[in-house]
Amino acid sequence: MHWASTFAERIISERGEKKEYVCESGVTPSGFCHIGHFREAITTNLVAYALKDMGFKSRHIHMWDDYDRFRKVPANVPASYSEYIGLPDCKVPDPDGCHSSFADHFMEPFQISLADAGMKPDFLRASEQYKNGIYRDNIKISLDKKDRLIELLNSQRGGEKLSLDWYPVSVYCPKCGKDQTKVTSYDGEYGLSYSCKCGFEETADIRKANYVKLKWRVDWPSRWAELGVDYEPYGKDHGTQGGSADTGQKIIQEIFNKPPIIGVTYEFVSLKGASGKMSSSKGNVVLPSDILSVMEPDVLRYMFVKTKPSKELKIALDLDFLNVYDEFDRVETTYFSEEEIEKREKYDKLYEFSNIWGYKSLPAQPSFRFLSVIVQITSDIDRIVKILKKEGHIPKDLSETDLERIKTRAKLAANWVKLYAPDMIKFELLDTPPEVELTVEQKEGLKVISDLIQGEDLTDVELHNRIYEIATNLPIEPKKLFEAIYRVLIGKESGPKAAAFINVLEKDFVVKRFRSY
RNA sequence: GGGCUCGUAGCUCAGUCUGGUUAGAGCACCGGCCUUUUAAGCCGGGAGUCGGGGGUUCAAAUCCCCUCGAGCCCGCCA
């Protein structure tokens, strides 16, 4: 069974049958939302999908923690932003001025990427929820049970313990907007007294003061309780024992009197070859949009679908990238084939959970590997399609969706070659004959090949065989002849398989080039 | 110090939850394909004490205990 379905089963059995299951993901938009945050979302989305797949209703909610405190100025943001520290992220201005807030600046591109990858969760904002007073009751409960909270949190704390003047809330000062406030007392009813560094002080009525926020460790379980969350994944930094997920599970039971949620710790995502955690300050963040610029969304999904959350995911952008694509195509082929295979169900789920287009039959599969060669020859999509057909990579008759996919892949392949392909497979077709020293035999060989291809159309295999024949007859080492071919076409000693490569190029061009030596 | 994950073929991994035929896949490698495939061919092949030790069982990669090694997390950076 697929891991997402296993979680779905667990949710149903442990939380009982419900009308609708709530699966939550959540991110603090205090910097670029990278591919690790993407795992947060898709690990939620897939389980919500699996629940539906099993015939239950489910909802994916994505919480934007935009009411969190602006803690530190990230890299790439002016140092002057230190003046905003203490404000909630939703009140800090966008450094680039393109969004209504600092938080929005990072939220929007992520939401777009999620949509591109077939995810449209219900986006919620913590700032709005607090403004609307959704957590008012939980704030009161937390204040009432403050001592129990302290006890509970202290039992998990290693170093310094919380003292009795700790309060489970922080207050964003209504005057200066910052949370540089200190709660001085709580009257046991609704009065919360505090003073701010800016000089402001008051006794707020927690029924009305919508700028009182629960502290993170309490905020999270409060949210689970209030929104009826059944399932939420979290990164390993939260998932460690004594971490916020752990204490959250205790708090939701002991403070808010609700059963624990189904949680899952997921491993980090990184680029193959990179080490360490991604962080904006290190400048090693990979955005979902970065991957989507070279990979189709269903293939991106596939990588997460096939990797259990507990496994670290290393995304390869080097040659292994092509293997992932090949693998996806194979899974797709299997899905649409009638062939009886073992683990049919598993393969089918891999594809169903990845595919976002709802294909009814096997779509054209222009090999990404082959495209990475073709796009270096031409950017003309009609010619690319022609070549793909000629070389038997795609069917003769193409539907609109087939054509769309070919166009998309060609574009992505071109991006991949430009951005990530190793030099070894990059080449440039030379417009003019390069100056190269060739032996008499090499020149003669090229001439014979040009006569040959001008006369007739040969298949790749035929041409390949003839090149060997020509070399043997001259005689010249085949290797030398191949070298000559690559030198005069792309100025390198080696290149794409010669016969197919020649067949893919314009015949007149090749003939003329081979004869110019 | 506490905890998590991982250790299965040269490499990347599946299989471990629900123990059961000769432990699988991809890549790599080797061989063959009218003496012939540079990055896109087809067919075939070899290969693993399942980190080590012990236990439970008719039966262990799978469950339990111990141990070694690698990586990672630990008070709001997934």
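Labels below follow one simple rule: chain letters A, B, ... track the order of the sequence lines, proteins then strands, and each chain is numbered from 1.
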* To do: List the steps and the verdict of side chain to side chain donor-acceptor pair (under 3.5 Å) for Trp220(A) and Glu232(A).
  => CA-CA 11 Å; Trp220(A) 203 12; Glu232(A) 176 160 355; 3.2 Å; yes

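Remark: the separation of the P atoms in U57(B) and G3(B) is 30 Å, to the nearest Å. G46(B) and C29(B): their C1' atoms are spaced 9 Å apart (whole Å). For G71(B) and G19(B), the P atoms lie 34 Å apart once the distance is rounded to whole Å. Using C1' as the reference atom, U16(B) and A23(B) are 12 Å apart when rounded to the nearest Å. Taking the C1' atom of each, U62(B) and G10(B) are spaced 25 Å apart, rounded to whole Å. Remark: the separation of the P atoms in C63(B) and C50(B) is 15 Å, to the nearest Å. Rounded to whole Å, the separation between the C1' atoms of G41(B) and U36(B) comes to 12 Å. Between U18(B) and U12(B), the distance separating the two C1' atoms is 27 Å to the nearest Å.
With rounding to whole Å, Glu267(A) atom CD is found 12 Å from C13(B) atom P. Rounded to an integer number of Å, the gap from Glu462(A) CD to G41(B) P is 18 Å. Here A28(B) presents its P atom at 12 Å from CG of Leu322(A), a figure rounded to the nearest Å. Regarding Arg223(A), its CZ atom lies at a distance of 14 Å from the P atom of C76(B), rounded to whole Å. In this structure, Phe482(A) atom CZ and A39(B) atom C1' are separated by 13 Å, rounded to whole Å. Rounded to an integer number of Å, the gap from Asp460(A) CG to A39(B) P is 15 Å. Atom CD of Glu327(A) and atom C1' of U12(B) are 10 Å apart (whole Å). The interatomic distance linking Asn473(A) (CG) with U36(B) (P) rounds to 14 Å, in whole Å.
The side chain of His37(A) places an N or O atom within less than 4.0 Å of a non-bridging phosphate oxygen (OP1 or OP2) of A78(B).
The nucleotide whose nearest atom lies closest to any side-chain atom of His34(A) is, among U38(B), A78(B), A40(B), A78(B). Of the candidate nucleotides U38(B), A40(B), G15(B), G15(B) has the atom lying nearest to any side-chain atom of Lys308(A). In the set C13(B), U37(B), U38(B), the nucleotide with an atom closest to the side chain of Lys311(A) is C13(B). Comparing A78(B), U37(B), A40(B) by their closest approach to the side chain of Ala500(A) singles out A40(B). Checked against C17(B), A40(B), C6(B), the side chain of Ser310(A) finds its nearest nucleotide in C6(B). For Arg330(A), counting side-chain heavy atoms from C-beta on, the closest listed nucleotide (G26(B), C6(B), A40(B)) is G26(B). For Glu312(A), counting side-chain heavy atoms from C-beta on, the closest listed nucleotide (G71(B), A40(B), A78(B)) is G71(B). For Asp237(A), taking side-chain heavy atoms from C-beta onward, the closest of the listed nucleotides C13(B), G26(B), A78(B) is A78(B).
At a threshold of 4.0 angstrom between heavy atoms, the contacts of Arg39(A) with the nucleic acid are absent. Contact annotation for Gly36(A): base contact, defined as any heavy-atom pair under 4.0 Å involving a base atom. Within 4.0 Å (heavy atoms only), Gly495(A) reaches at least one base atom of the nucleic acid. Counting any heavy atom pair closer than 4.0 Å across all strands shown, Phe38(A) reaches no nucleic acid atom. If you check every strand for non-hydrogen atoms under 4.0 Å, Tyr486(A) touches a base. Backbone-only contact: Tyr234(A) has heavy atoms under 4.0 Å from sugar-phosphate atoms and none from a base. Among the heavy atoms of the strands lying under 4.0 Å from Asn465(A) is at least one base atom, whether or not backbone atoms are also near. Here Glu469(A) lies out of heavy-atom contact (under 4.0 Å) with every strand.
Base pairing annotation: C17(B) forms no Watson-Crick or G-U wobble pair, as no partner gives both donor-acceptor distances under 3.5 Å. When Watson-Crick and G-U wobble pairs are counted only if both distances are under 3.5 Å, A23(B) pairs with no nucleotide at all. The nucleotide G1(B) finds its pairing partner in C74(B), both defining distances of the Watson-Crick or G-U wobble pair being shorter than 3.5 Å. Checking A9(B) for Watson-Crick or G-U wobble geometry (two distances, each under 3.5 Å) identifies no partner in any strand. Figure legend. U36(B) is base-paired to no nucleotide; pairs are counted as Watson-Crick or G-U wobble with both atom distances under 3.5 Å.
In summary, Asp89(A) and Arg69(A) do not engage in a salt bridge, as defined by a charged side-chain N under 4.0 Å from a carboxylate O.
Remark on RNA chain B: of its neighbouring residues His238(A) and Arg217(A), the 5'-side contact belongs to Arg217(A), judged by nearest-heavy-atom nucleotide. Sequence order on RNA chain B of the closest nucleotides to Lys480(A) and Asp320(A) puts Asp320(A) first from the 5' end.
One side chain, Glu332(A) or Gln365(A), offers a donor N or O that lies under 3.5 Å from an acceptor on the other. Residues Arg217(A) and Ser244(A) have side chains that never bring a donor and an acceptor to within less than 3.5 angstrom of each other.
Contact between Tyr81(A) and Val92(A) at its shortest, heavy atoms only, is CE2-CG1, 3.6 Å.
Checked against a 6.0 Å centroid threshold, the rings of Tyr302(A) and Phe353(A) do not count as neighbours.
When side chains are defined from C-beta on, Trp3(A) does not count as touching Thr307(A), because their heavy atoms never get closer than 4.5 Å.
Judged by the 6.0 Å distance and 45° axis criteria, Lys236(A) is positioned over the aromatic ring of Phe268(A).
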